[in-house]
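As a basis for the values below, the full set of heavy atoms in this structure was taken, side chains included, without hydrogen atoms, waters or symmetry mates.
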There are 2 protein chains.
Amino acid sequence: MTPASEPRWLTEAEQDAWYAWRRMFPLVNAEIARDLGQDSGLSEADYDVLSVLGSTDGHRMRISALAELMQWSRSRLSHQLTRMEQRGVVRREDVATDGRGAEVVLTAAGVAAITDAAPLHVESVRRHLIDILTPQQLQALAEVGEVLRHHLKAPRKGRP
Amino acid sequence: MTPASEPRWLTEAEQDAWYAWRRMFPLVNAEIARDLGQDSGLSEADYDVLSVLGSTDGHRMRISALAELMQWSRSRLSHQLTRMEQRGVVRREDVATDGRGAEVVLTAAGVAAITDAAPLHVESVRRHLIDILTPQQLQALAEVGEVLRHHLKAPRKGRP
DNA sequence: GCGCAGTTGTTGATGTGTCACCTAATGAAA
DNA sequence: TTTCATTAGGTGACACATCAACAACTGCGC
């Protein structure tokens, strides 16, 4: 087989972007996750599930649909729902039209949890991210996210 | 106690930035981590430790210094080093000047692992992030990282 | 020297994500 | 109807991160 050619190492500017990328996300998210735990006793995973369910009508959703919407594996969601079910914030229900399927439903406690948590969480996100950046910087983030998401769906070329 | 005032919900533009933030990082990093595992049999944590040690002279470092440099807890690093030591890529050594202390040293296998992995990893990072974005977007990322990192060290104001 | 607070590094328990594998049900083809 | 590939969802083993607790050692004040 042919020997690998010398790789294109990162330039100074590229390294800056790469290190920023690697560092900023875990740091900021850790702050937000810490707030969420202290303020509301929820993990980020808890919050994400609750907030999606909270914005559906009937506060319910087919499990596989929820997994796809959140871009989670079914396995991960199943484990997460088991934990949340034990804590009483969601409930599983069989669905009549498909014997294999199941739905998740928010319990009253679940509705209360997300209703209480949401305002505090928004403030936390503002404090640690949104209010720190300029509108231009926020727009740049959204733009980068758009480009990357688009590229994931349709990669320009496969592995060399 | 006083009732909480209505929170400042996110505007459309702010939501775009927030969703981009939440989604792009895990997705892109999962791609890069997957490449790393397939190409080199390493986790991201493995790679980070190996690459830091590989760029020190003597291929060795005091454990607490390594933890601080990587912004890891000592506990996390200790567990990680135990796993890596079992796989033979690093070795722990007592340090003479301080009976409490210890150093990590790359083994020959460790040097080979990082030497082999680095070029493939750079290509992967280019493929999934760097080469997709324009120089302006890369600079924006670096700038945002800088602002956020600076803010973490000196928050403008405490919790209201 | 003696006592003691602080540091270094490790360990075990717990919670979570991933992977491979499993069962049950579906729907379509033979 | 019988077969069979596919789909929905769950389970158990493992890898990893975090937390609290711990032992060993240091270096300072006395």
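In the hydrophobic clustering of ILVMFWY residues, with side-chain heavy atoms under 4.5 Å counting as a link, Ile132(A) and Val144(A) come out together.
A straight line from CG of Leu27(B) to P of dG17(C) spans 15 Å, rounded to a whole angstrom. For the pair Arg83(B) CZ and dT10(C) P, the interatomic distance rounds to 13 Å; values are reported in whole Å. Distance, Trp72(B) CH2 to dG9(C) P: 15 Å, rounded to whole Å. If you measure from atom CG of Leu77(B) to atom C1' of dA17(D), you get 13 Å, rounded to the nearest angstrom. For the pair Arg76(B) CZ and dA13(C) C1', the interatomic distance rounds to 18 Å; values are reported in whole Å. Here the C1' atom of nucleotide dA8(D) and the CD atom of Glu93(A) are 17 Å apart, to the nearest Å. Between the P atom of dT16(C) and the CG atom of Leu36(A) lies a distance of 13 Å, rounded to the nearest Å. Atom CG in Asp46(B) sits roughly 11 Å away from atom C1' in dC16(D) (whole-Å rounding).
For Gln80(A), taking side-chain heavy atoms from C-beta onward, the closest of the listed nucleotides dG17(C), dG9(D), dT10(C) is dG17(C). With distances taken from any side-chain atom of Ser64(B) to the nucleotides dG9(C), dG17(C), dT11(D), the minimum falls on dG9(C). Picking from dG9(C), dA13(D), dC19(D) the nucleotide with the shortest atom distance to the side chain of His79(A) gives dA13(D).
Salt bridge Glu14(B)/Arg8(B): absent, no basic N to carboxylate O contact under 4.0 Å. Electrostatic pairing of Arg126(A) and Glu123(A) does not count as a salt bridge here, judged by no charged N lying under 4.0 Å from a carboxylate O.
Comparing Gly101(A) and Thr82(A) by the nucleotide of DNA chain D whose heavy atom lies nearest to each, the residue mapping closer to the 5' end is Gly101(A).
OP1 and OP2 of dT18(C) both lie 4.0 Å or more from every side-chain N or O belonging to Arg74(A). The phosphate of dG9(D) (OP1 or OP2) has a side-chain N or O of Arg62(A) nearer than 4.0 angstrom.
Relative ring orientation between His121(A) and Tyr47(A) is described as tilted, the plane-to-plane angle lying within the 30° to 60° band.
Side chains of Leu66(B) and Glu103(B) form no contact here, defined as non-hydrogen atoms less than 4.5 Å apart. Within the 4.5 Å cutoff, the side chain of Val125(B) has no heavy atoms near those of the Asp35(B) side chain.
The environment of CD in Glu68(B) is sparse: at most 12 heavy-atom neighbours from other residues, nucleotides or ligands sit within 6.0 Å.
Put simply, the side chain of Ser73(B) and the base of dC19(D) share no donor and acceptor less than 3.5 Å apart.
Base engagement by Ser75(B) is indicated by at least one non-hydrogen atom pair under 4.0 Å involving a base atom.
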Each nucleotide N or O in nucleotides 23-26 of chain C that has a protein N or O under 3.5 Å away: list the pair and distance.
residue	atom	partner	partner atom	Å
dT26(C)	OP1	Gly99(A)	N	3.1

